[in-house]
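Encoded as structure tokens, the structure appears first; notes follow it.
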Protein chains: 2
Amino acid sequence: MEKKKELPLCPVETTVGLISNKWKILILRELLKGTKRFGELRSGIDGISQKVLTQNLRSMEEDGIIQRHAYPEVPPRVEYSLSDLGETLKPIISSMEQWGLGYQEMINNG
Amino acid sequence: MEKKKELPLCPVETTVGLISNKWKILILRELLKGTKRFGELRSGIDGISQKVLTQNLRSMEEDGIIQRHAYPEVPPRVEYSLSDLGETLKPIISSMEQWGLGYQEMINNG
DNA sequence: CGGTATCCACAAAGATACTG
DNA sequence: CAGTATCTTTGTGGATACCG
């Protein structure tokens, strides 16, 4: 997920790169609701495997749009939340959601 | 590119699905500038192969966001442009571009 | 609980050649 | 010019097993 740092990309690509894949969007959606534990994300996102969830969370953390907080407890507890930067994506997610709604209606009504 | 119609997806996923991949975004960027011929797109998008360009154009055409117009000439001429629906994506692309710019600056300034 | 480590499958992308 | 047809290569995700 994080191997290719060869880029300089155009701005749109940069943005898309951060949120493009299916899982990242779903993770963002969950975190927009508030802080979540790893297990909550896992069960809240239908069909995601542990590996893929971890990979995406790491990647998003590297990108600086989410924050990871591990509590030194037994059993372990790890919480994820949006960073300030991540919060600034909210308008974009919202506008995509609005557009998607309109598109789906269009499809359904023919 | 077009095999998976198994969905009902949430609105954000729908939108992301249409524009998520790297190539589609670059194609959209080109077409936002105006109508382009196949060859113009090919040379305007660095590194894209003929096959992948074709695949993505077909997919986007199916999704209804671009239009294909083939002129019955020799040699063939095929022009691509955004559909009305495609044009409505403009605000989203723009906001992603803005966000990406800010992000890149942030990265560069540390 | 929240991971990491492997192995495998399959889809997507690249390269190349050919065509209406 | 604008594709299609193949073949090969790559990579992302699924399944499983194990660990601090």
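Keep in mind that the numbers below use all heavy atoms, side chains included, and drop hydrogens, waters and symmetry copies. The structure presented is a predicted model; accordingly, all values stated were derived computationally and were not measured. Each chain gets a letter, A, B and so on, in the order its sequence line appears, and its residues count up from 1.
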Are any of B:R58's side-chain N or O atoms less than 4.0 Å away from OP1 or OP2 of D:dT4? yes

Rounded distance in Å - CD (A:Q55) to P (C:dG2): 18 Å

Using rotation axes that map the C1' atoms of four end pairs onto the next four (five pairs an end), what angle separates the end axes of the helix from C:dC1-D:dG20 to C:dG20-D:dC1, to 10°? 50°

Residues which pass side-chain hydrogen bond (donor to acceptor under 3.5 Å, both in side chains) with A:Q50, listed by chain and number, not counting sequence neighbours: none

Looking at every strand, decide which applies to A:R42 at a 4.0 Å heavy-atom threshold: base, sugar-phosphate, or nothing. nothing

Same cluster for B:I66 and B:Y71 if Ile/Leu/Val/Met/Phe/Trp/Tyr side chains link at under 4.5 Å? no

Of all the choices, C:dA13, C:dC1, D:dA2, which nucleotide is nearest to the side chain of B:V52 once you look at every atom? C:dA13

Enter the distance from A:R68:CZ to A:E62:CD here, rounded to the nearest 0.5 Å. 13.0 Å

Give the rounded distance in Å between these two atoms: CG of A:D46 and P of D:dG13. 16 Å

Show me the protein contacts with nucleotides 15-20 of chain D, counting only N or O atoms at under 3.5 Å.
none

Validation: residues 26-38 of chain B side-chain donor-acceptor distances under 3.5 Å, sequence neighbours left out:
residue: B:R29; atom: NH1; partner: B:E97; partner atom: OE2; Å: 2.9
residue: B:E30; atom: OE2; partner: B:K33; partner atom: NZ; Å: 3.0

Answer yes or no: does a side-chain N or O of B:R68 lie under 4.0 Å from OP1 or OP2 of D:dG3? yes

Please examine the side chains of A:I93 and A:I25, heavy atoms only from C-beta on, and report whether any two atoms are closer than 4.5 Å. yes

Between A:E73 (CD) and C:dG2 (C1'), how many Å, whole number? 13 Å

Counterpart residues, side-chain hydrogen bond (donor to acceptor under 3.5 Å, both in side chains), relative to A:R42 (two or more places apart): none

How close or far is atom C1' of D:dA2 from atom OH of B:Y80, stated in whole angstroms? 8 Å

Could you tell me how far apart B:E40 (CD) and D:dA2 (C1') are, to the nearest whole angstrom? 13 Å

Measure CD1/B:I45 against P/C:dG14 and give the value in whole Å, please. 12 Å

Are B:L89 and B:L82 packed together at the side-chain level, in the sense that at least one heavy-atom pair is separated by less than 4.5 angstrom? no

Given atom CG of B:L57 and atom C1' of D:dC1, what is their separation to the nearest angstrom? 14 Å

Between C:dG2 and A:R37, is there an OP1 or OP2 to side-chain N/O distance shorter than 4.0 Å? yes

List for me each residue that meets side-chain hydrogen bond (donor to acceptor under 3.5 Å, both in side chains) alongside A:T88, sequence neighbours excluded, and say none if there are none. B:W99

Is there a side-chain contact between B:S81 and B:H69, using heavy atoms and a 4.5 Å cut-off? no

Between C:dC1 (C1') and A:E79 (CD): distance, integer Å: 13 Å

